[in-house]
Protein chains: 2
Amino acid sequence: MRTTVQDVARAAGVSVSTVSRALTGGSVSPATREAVVAVAHRLGYQPNRAARGLITGRTGNLGLIVPDLRNPFFADVAKGVTARARAVDCGVFISDTDEDPVAELEAIATLRHNTDGILLCSPRAKDAELLAAADPQNTVLLHRRVPGLSSVVADIVDGTRQAVQHLRALGHRRIAYVSGPEDSWATRQRLAGLATFDGDDLEILPIGSVAPTFDGGVLAGDLVLAAPATAVLAYNDLVAMGLLHRLAARGAVVPDRLSVVGYDDVSLAGMSHPPLTSVSVPKDRAGAIGLDLLLGRAGSMTAAQGAEVILPTTLVVRASSGEPPA
Amino acid sequence: MRTTVQDVARAAGVSVSTVSRALTGGSVSPATREAVVAVAHRLGYQPNRAARGLITGRTGNLGLIVPDLRNPFFADVAKGVTARARAVDCGVFISDTDEDPVAELEAIATLRHNTDGILLCSPRAKDAELLAAADPQNTVLLHRRVPGLSSVVADIVDGTRQAVQHLRALGHRRIAYVSGPEDSWATRQRLAGLATFDGDDLEILPIGSVAPTFDGGVLAGDLVLAAPATAVLAYNDLVAMGLLHRLAARGAVVPDRLSVVGYDDVSLAGMSHPPLTSVSVPKDRAGAIGLDLLLGRAGSMTAAQGAEVILPTTLVVRASSGEPPA
DNA sequence: TTGAAAGCGCTAACAA
DNA sequence: TTGTTAGCGCTTTCAA
């Protein structure tokens, strides 16, 4: 049988309420507290969070819902959340929905009643579904914005702009864009960034939508080579990696024949051949900030107030981008 | 205020115990059950798992402890666990210890009292520490074996043998081995596999230990080139990727000059340049089996009985291995 | 400062 | 088959 407050109280010769107070910071005499703490430690007492939560109404846990842990982007976000959670002694329920909007909604339904709040990362469900399923008071969206819910996002529009400006500065005038899932928030943000450019001295060539995966990038490779572009901006790093792979197979040297720029700057970006120029978005920081928002630790802002945090993006230049062919 | 059994009972005109029975599969008349279920659904009732756990002694949750979610190997394991957990309606507490043995032990201490069991993946702590911290009754080790605790591991010795045999069949006679963290279980297993070969017509050249990361592989690249080997076996895929990167930078063509074989077959392995030959270990399956063991769903075996599951490994041949230079 | 007692939401005896 | 009741381990009134 595990140690309970009862055991500690008996061993310390005080009442259970005194034990409780001593351990949670109530008013107890220093001597009593010291004694109780010592006994609790000696007995290896670990409070039952469930029982505590039952009465306080706070479980000390929160839920993190991600589409796919295997995607390094989400792994990074999860890392940021768990790191911060450990620092504030908060448990994290993880739910990997496998990119399934239905599983996502179910996870929200289960977790919202068994946690103090939910961190919903890049949800695939529609705005209306999310609004219906989530409690605005204790839900924070990560990397997605839905009116009526708190969110922490990166400045994707600006990031996209930085990427294009970088390519333009290098001399590129025709830039292909490989798009991700149509109708997704992230896709629309990227297009918004692109829209500020087309015209001028620059031409953006839409290559179409592919799955936001390595295979999607491979698929896009041939399409890009067939287009009159000297550079290509990919939906994300995974797509860019697939692109790199296919271009190499087709004998197109990067960046001599074609410059490639990715998005997200996941850890893989530095491992590709050549290393990938990419728009860096603060992934783990977004997770940590989301958690603070949920727990009301983010200074004046809280999730309940409908906070909208926008984090800056920065372009990380590596070897996959260079001057266009002469 | 959220809906409780009380609310459902009142609305359905029955007692709380009837509601409880109707919802958890006790003996109730079909008509009553139907009515209760309907009301519960209408009211959006979600049982409070904490309260339930308080009385049943089972929380319906388990803990998953991994060294680093950013490592694709652990992401895969986590994926296997969460997928299976979702199927059996079990919550998963995740804890990323950041490769810190102390954090690991702390996580065990916290989780063992607030979950039905712990899945401990590739722990970094010592055998004795783990034995002291964990409850053998409801702890399952993943990819690590400690006498006295249940475990699910891959047949690393055999996997290593397959890799070497593959290289020998290609004609290699001098194979470099880049080792991982000294004194780790995984490292010892690999060395055991290697030990069955040295001598014969084959020479294994130990290159030394590096961090099990991309950077570790980059570091090892030069060492490998300086050795008289025609092939190199890396501690894991991340190291192999770093190796590939450094070899390319040094102008050594893979596999013409040197064959490279990785370990784990993480998703990146297929994305490298050239695609990496790697020993595939069943990562997500290990996670799923571990969960079943913990929950007593793995047929006759349970964690409590000290189960030791060994999963087969298979070599996946890709383009990074070929015949040795003439 | 301390203790007694109530009760969080739920399930599991025990009766009816 | 159903309802009543007693807790699970904890915190928090309320008195002392």
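If you're wondering where the values come from, they're calculated on a predicted model, not measured in any experiment. Quick note on labels: first sequence line is chain A, next is B, and so on, each numbered from 1.
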Requested in this report: Sequence neighbours left out, what passes side chain to side chain donor-acceptor pair (under 3.5 Å) with A:T18? Give chain and number order.
Outcome: A:S15
Report task. Report yes if a donor N or O on one partner sits less than 3.5 Å from an acceptor N or O on the other, where the partners are the side chain of B:T18 and the base of D:dG3; otherwise report no. Result -> no
**Report entry** Interatomic distance where CD belongs to A:Q46 and P belongs to D:dC10 [whole Å]
**Finding:** 11 Å
Query raised in the report: Please give, in whole Å, the distance from C:dT1 P to A:E34 CD?
Result: 16 Å
Requested in this report: Let me know, please, whether B:T32 or B:A51 comes out on the 5' side of the other along DNA chain D by nearest nucleotide.
Outcome: B:T32
Query - Donor/acceptor link under 3.5 angstrom from B:S17 side chain onto base of D:dT4 - result: yes
Query - side-chain N/O B:S20 vs C:dT11 OP1/OP2, d < 4.0 Å - result: yes
Query raised in the report: B:S29 near the nucleic acid: base, sugar-phosphate alone, or nothing, with a heavy-atom cut-off under 4.0 Å?
Result: sugar-phosphate
Query raised in the report: Hey, does A:T56 reach any base, or is it just sugar-phosphate, or nothing, if we go heavy atoms under 4.0 Å?
Result: sugar-phosphate
Query raised in the report: Within this structure, what is the CZ-to-P distance between A:R58 and D:dT11, rounded to whole angstrom?
Result: 12 Å
Report task. With the side chain of A:R21 defined as its heavy atoms from C-beta on, choose the nearest nucleotide among C:dG3, C:dG7, C:dA12. Result -> C:dG3
Query raised in the report: Among side-chain atoms of B:S20 and B:S17, is any donor-acceptor pair under 3.5 angstrom?
Result: no
Query - Between D:dC10 (C1') and A:Q6 (CD): distance, integer Å - result: 9 Å
Query raised in the report: Roughly, in whole Å, what's the span from CD1 in B:I55 to C1' in C:dT11?
Result: 4 Å
Report task. Using a cut-off of strictly less than 4.0 Å, decide whether A:S15 has a side-chain nitrogen or oxygen near OP1 or OP2 of C:dG3. Result -> yes
Query raised in the report: Does B:R144 come within less than 4.0 Å of B:D127, counting only side-chain N to carboxylate O?
Result: yes
Report task. Looking at every strand, decide which applies to A:R49 at a 4.0 Å heavy-atom threshold: base, sugar-phosphate, or nothing. Result -> nothing
**Report entry** From B:T59, B:N61, B:N138, residue fulfilling side-chain hydrogen bond (donor to acceptor under 3.5 Å, both in side chains) relative to B:D116
**Finding:** B:T59
Query - Gap between atoms CG and C1', on B:D7 and C:dC8 respectively (whole Å) - result: 13 Å
Report task. Give the rounded distance in Å between these two atoms: CG of B:N48 and P of D:dC10. Result -> 16 Å
Query raised in the report: Is a donor on one side and an acceptor on the other found under 3.5 Å between the side chain of B:T32 and the backbone of B:V28?
Result: no
Report summary line: Per nearest nucleotide of DNA chain C, the residue lying toward the 5' end, A:L54 or B:R52, is A:L54
Report summary line: Whole-Å distance, B:N114 CG to D:dC10 C1', equals 12 Å
Report summary line: Checking C:dA5, C:dC10, D:dG9 against the side chain of A:V16 (C-beta onward), the nearest is C:dA5
